There are 2 protein chains.
Amino acid sequence: MPREKKPQNPPVKDKKGSKTSKSLIKRLPVYLRILDNLIRRDVDIISSRVLSDETGFTAEQIRKDLATFGAFGTRGTGYNTSYLREKLLKITGLDKQIRIVVVGSGHLGKALTRYNILKNPYVEIAGIFDANPDELDNEILGIKVQPMEDLPLLIKEQGIKVSMITVPAEVAQEVVDLLVENGITAILNFAPTKLRAPANVHIHNADLTIELQSLIYYSLEREKE
Amino acid sequence: MPREKKPQNPPVKDKKGSKTSKSLIKRLPVYLRILDNLIRRDVDIISSRVLSDETGFTAEQIRKDLATFGAFGTRGTGYNTSYLREKLLKITGLDKQIRIVVVGSGHLGKALTRYNILKNPYVEIAGIFDANPDELDNEILGIKVQPMEDLPLLIKEQGIKVSMITVPAEVAQEVVDLLVENGITAILNFAPTKLRAPANVHIHNADLTIELQSLIYYSLEREKE
DNA sequence: CAGTGTGTGTTAAAATATTAACAAGTTTGT
DNA sequence: ACAAACTTGTTAATATTTTAACACACACTG
């Protein structure tokens with residue numbers, strides 16, 4: 001029988017109609033973080049070369065990345081940090097405050113919630129949820145753990161689109177189903193399992209064991225060449 | 001002046017001399033996890049097609065990945081789960097128990113340590129360290145937080161090569177320097193900052209704010225086409 | 001107000017990675 | 001023992017991503 005069409009990477013297009021790759025999109029928040037730092041240090045202008053030093057990406061790649069969305073720099077001078085930051089905020093969607101929900105208030109869920117509250121200026125934790133009744137009275141920096149029953153209403157009332165899940169692998173799929181049902185379109189998954197969702201829902205896997213395990217490959221050898 | 005040679009991606013070679021990509025290496029632990037599950041369920045033979053269902057990678061890619069390191073399957077049949085697992089363990093270096101050290105025992109450090117103790121069968125936490133004296137008596141699943149002074153000796157005595165760091169960005173570089181000085185060759189960095197290290201030291205960045213921020217890009221639009 | 005230096009944006013080339021196609025083995029059934 | 005049904009491993013084609021090269025624009029200097 002004929003194989004079904006490959007959906008694979010849903011190509012994302014910029015204004016000009018060319019394709020915008022996943023790897024590019026992942027670099028944008030890095031630029032943003034560097035720009036925040038520079039602006040804090042009152043640096044007004046920055047060249048791709050210096051951005052390269054700060055980010056570890058090549059200057060060529062940085063210029064190419066930025067040029068994908070428009071001509072934000074000044075030839076002979078560089079990029080205006082505040083102007084570039086604003087443009088990048090718009091492109092990434094981080095210009096508006098984004099509210100997200102966390103599902104799973106185990107140790108990892110708590111730590112990640114706290115981490116984002118403290119360190120992620122672009123994201124606001126709208127709620128944290130857990131199925132375990134014992135968790136219900138716990139607070140993470142003032143945010144109370146809520147029962148799963150309250151999740152649908154909160155998502156819908158606040159029009160939340162993004163969620164982070166740190167639940168056991170065994171229940172991850174049903175949590176995803178629930179989230180999708182209620183309008184979530186992007187999920188950051190920390191459970192070490194493959195999740196299924198409709199094509200219009202984006203799932204990023206942040207499996208920390210895999211991160212560490214693949215690193216070990218590089219720790220071994222390399223009696224070079 | 002002439003630009004220096006691009007070191008960029010240090011190409012890793014397999015036995016046959018062809019290049020082994022970073023993306024491939026990151027898929028290996030995924031295969032390994034699936035195989036562990038299959039073996040637990042007493043599945044002896046698995047086809048690339050079924051592996052595709054379980055992992056989300058295409059069957060073609062899986063066959064290609066595995067063929068990079070040798071011919072582990074049987075035509076007409078599939079792959080023997082236990083045999084393939086053994087081979088992959090050898091390739092990734094996870095056949096021997098790997099000991100790692102964690103630096104930074106804040107909330108995230110504690111959660112990640114706990115997580116790996118419980119969920120990562122291939123890695124053993126040899127120690128967790130923190131500069132803050134207040135942390136010193138804390139225990140994470142029986143592992144006591146130790147002062148930074150004890151770090152060099154432990155690394156050297158046990159020949160540890162891999163470390164995970166969850167310290168504030170401000171001190172991350174000096175921690176890296178210390179680790180490298182004492183023989184660490186691979187670092188998983190959770191601090192939101194670019195770190196410098198000699199070319200033979202591998203640093204993987206696991207910046208969780210970036211993960212979440214780049215996801216937001218995908219949560220917005222996509223009035224398709 | 002030319003001339004020079006600097007750094008972007010763009011286009012072309014090279015390197016990587018993914019997808020597809022298919023030949024070559026294996027097993028199973030008859 | 002042969003044919004049919006499968007599924008791998010390999011080679012070729014395609015697509016994507018990265019790197020390089022350079023023309024073009026601006027700023028500064030004298």
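Computed from heavy atoms alone, side chains included, the values below leave out hydrogens, waters and symmetry copies. To find a chain, count down the sequence lines: A is the first, B the second, and so on, and within it residues start at 1. The model shown is predicted, which means the values in this text are computed figures rather than measured ones.
The nearest whole Å value for the distance from the CZ atom in B/Phe72 to the P atom in D/dG9 is 9 Å. Following rounding to the nearest Å, B/Leu84 (CG) and D/dT7 (P) show an atom-to-atom distance of 16 Å. Rounded to a whole Å, the CD atom of A/Glu60 is 13 Å from the C1' atom of C/dG9. The distance between atom CG of B/Leu66 and atom C1' of D/dT10, rounded to the nearest whole Å, is 14 Å. In this structure, NZ of A/Lys22 is placed 16 Å from P of C/dA17, rounded to the nearest angstrom. Between the CZ atom of A/Phe69 and the C1' atom of C/dT10 there is a distance of 16 Å, rounded to whole Å. Remark: P of D/dG9 and CG of B/Leu51 are 12 Å apart, rounded to the nearest angstrom. If you measure from atom CZ of A/Phe57 to atom P of D/dA20, you get 17 Å, rounded to the nearest angstrom.
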Could you list the protein-to-nucleotides 23-25 of chain C atom pairs, N/O on both sides, closer than 3.5 Å?
unit_1	atom_1	unit_2	atom_2	d
C/dA24	O4'	B/Arg75	NH1	3.2
C/dA24	N3	B/Arg75	NH1	3.1
C/dG25	N2	B/Gly76	N	3.0

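Across all their heavy atoms, B/Thr166 and B/Gly104 have their closest contact at OG1-O, 2.7 Å.
Side-chain N/O atoms of B/Asp36 and B/Tyr122 include a donor and acceptor closer than 3.5 Å.
For B/Ser23, the listed nucleotide lying nearest its side chain is C/dT18; candidates were D/dA21, C/dT18, C/dA21. Closest approach to the A/Tyr79 side chain among D/dT8, C/dG9, D/dT11 is made by C/dG9 (side chain taken as heavy atoms from C-beta onward). The side chain of A/Ser21 approaches D/dT17 more closely than any other nucleotide in the set D/dT17, D/dA20, D/dC22. Counting only heavy atoms from C-beta on, A/Thr74 has its side chain closest to D/dC26 among D/dT19, C/dT10, D/dC26. Of the candidate nucleotides D/dA12, C/dT8, D/dT18, D/dT18 has the atom lying nearest to any side-chain atom of A/Gln61.
Shown here are the ring pair (Phe, Tyr, Trp, His ring centres under 6.0 Å) partners of A/His107, two or more places apart in sequence or in another chain: there are none.
Position along DNA chain D of the nearest nucleotide to A/Arg27 versus A/Arg63 favours A/Arg27 as the more 5'-ward residue.
Salt-bridge formation is not detected for the pair B/Arg196/A/Glu54: no Lys NZ or Arg NE/NH1/NH2 atom is positioned less than 4.0 Å from an Asp or Glu carboxylate oxygen.
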Which donor-acceptor pairs under 3.5 Å do side chains of residues 26-33 of chain B form with protein atoms, sequence neighbours excluded?
unit_1	atom_1	unit_2	atom_2	d
B/Lys26	NZ	A/Glu211	OE1	3.4
B/Lys26	NZ	A/Glu211	OE2	2.9
B/Arg27	NE	B/Asp65	OD2	2.6
B/Arg27	NH2	B/Asp65	OD1	3.0
B/Arg27	NH2	B/Asp65	OD2	3.3
B/Tyr31	OH	B/Asp65	OD2	2.6
B/Arg33	NE	A/Pro192	O	3.2
B/Arg33	NH1	A/Asp207	OD2	2.4

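A 4.5 Å side-chain heavy-atom check between B/Thr81 and B/Ile45 finds every atom pair outside the cut-off.
Two rings, from B/His204 and A/Tyr218, have their centers less than 6.0 Å apart.
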